[in-house]
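Here is the structure we will look at.
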There are 2 protein chains.
Amino acid sequence: MEDILNTCRAKKLRITKALTAIVGVLMEQKLPVSLADLESHPDLRKICDRTTIFRTLHRLEDIGLLRRLNFSERGAKFTLKTGHAHNEYLICEDCGTVQALDIACPVHKLEEELAKETGFTKLHHELEFYGICAECK
Amino acid sequence: MEDILNTCRAKKLRITKALTAIVGVLMEQKLPVSLADLESHPDLRKICDRTTIFRTLHRLEDIGLLRRLNFSERGAKFTLKTGHAHNEYLICEDCGTVQALDIACPVHKLEEELAKETGFTKLHHELEFYGICAECK
DNA sequence: ATACCTGCAAAGTCTTTGCCTTAGG
DNA sequence: CCTAAGGCAAAGACTTTGCAGGTAT
């Protein structure tokens, strides 16, 4: 938590009540969350409105602390980049549940090769497996 | 083309002018396209409107001929599932260009393991690499 | 003949911006 | 103090739906 706030300070963000609350909520998430998820979170509902969350998320993204994911049909989801970020997810197309896969990155080597072959920099990836889960089948 | 239309017939879709035109345009695409891309395509612009394309895409998705992808920040993109579908893409976060990677699927084995371990069925995946391309850097 | 399909317009949903106020450094 | 951040309301950008009329089978 302090690490994150220090990075914010270093990047000239002001440490406001909203920022600390949002970072706090983001830290306790096991899965990526949407803007709407945050808006309705009890710790945020009363202290800041949607616009503040929206802009704060973008600031965090700009300074490289937050990753935006696009796997939901409608709307982005966000996850902190700190620590052991998961980049692989398993999603049921029927009930919509998402689980992070706790596996070694299966495309790390490929990513390095791509960087070499294509000249792309700052490579990262997003890998989602979709299917129908055991319950829904 | 005939294969696709036959599948449509088998699934009780009516073979309308709009359907054949949309399938035709989809077949000539090398990359996934958005609803807006289709709407402005010269072969479609005059013969059908956005709603028709929207609903046709959903019908094609329902009968399993079309895949919906979510990698663009805003709005879905679609690609036919026929033949050698690409499931891996390389995307520049600055200029937004997308290229399909012509590589052997790097997660095929993992996908089979997942099916076995989790009980998921109908597994498929979406893998996107993001970065900054050589020109934009 | 009868479902299904189409087009237009309108309603939704979620994101983004303008502008004035508040408060961090 | 000075400038970034917050809040409200309104504008955007797409997507989705209702309904009347057209068309494939």
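For the side chain to side chain contact (heavy atoms under 4.5 Å, CB included) with A/R67, the qualifying choice from A/L60, A/L80, A/N87 is A/N87, the only one to do so.
For the pair B/E39 CD and D/dT15 C1', the interatomic distance rounds to 12 Å; values are reported in whole Å. Remark: P of D/dC14 and NZ of B/K77 are 11 Å apart, rounded to the nearest angstrom. When rounded to the nearest whole Å, the span between CG of B/N70 and P of D/dC14 equals 15 Å. If you measure from atom CD1 of A/I63 to atom P of D/dA4, you get 15 Å, rounded to the nearest angstrom.
For A/L13, the listed nucleotide lying nearest its side chain is D/dA5; candidates were D/dG7, C/dG7, D/dA5. Comparing C/dA9, D/dT15, C/dA23 against the side chain of B/T51 picks out C/dA9 as the nearest. The side chain of B/F54 lies closest to D/dT15, out of D/dT15, C/dT17, C/dG7. The B/C48 side chain lies nearest to C/dG7 when the options are C/dG7, D/dA24, D/dG7.
Side-chain polar atoms of B/E111 and B/H124 form no donor-acceptor pair below 3.5 angstrom. Side chains of A/H41 and A/E28: a donor-acceptor N/O pair is present below 3.5 angstrom, by distance only.
Map A/T16 and B/L35 each onto its nearest nucleotide of DNA chain D; the residue landing nearer the 5' end is A/T16. When each of B/A18 and B/R50 is assigned the nucleotide of DNA chain C with its nearest heavy atom, B/A18 is the one assigned upstream, toward the 5' end.
Heavy atoms of A/R59 sit under 4.0 angstrom from primed sugar atoms or phosphate atoms, though from no base atom. Backbone-only contact: A/I47 has heavy atoms under 4.0 Å from sugar-phosphate atoms and none from a base. Residue A/A36 is out of contact with every strand shown, counting any heavy-atom pair closer than 4.0 Å.
Checking the phosphate oxygens (OP1, OP2) of C/dT16, a side-chain nitrogen or oxygen of A/H58 falls inside 4.0 Å.
Side-chain atoms of A/R14 and base atoms of D/dA5 include no donor and acceptor less than 3.5 Å apart. No hydrogens or angles were tested; on distance alone, a donor-acceptor pair under 3.5 Å links the side chain of B/R55 to the base of C/dG7.
The backbone N or O of A/H108 sits nowhere less than 3.5 Å from a side-chain atom of A/E112 that would complete a donor-acceptor pair. When atom types are taken as modelled, the side chain of A/T52 and the backbone of A/C48 share no donor-acceptor pair closer than 3.5 angstrom.
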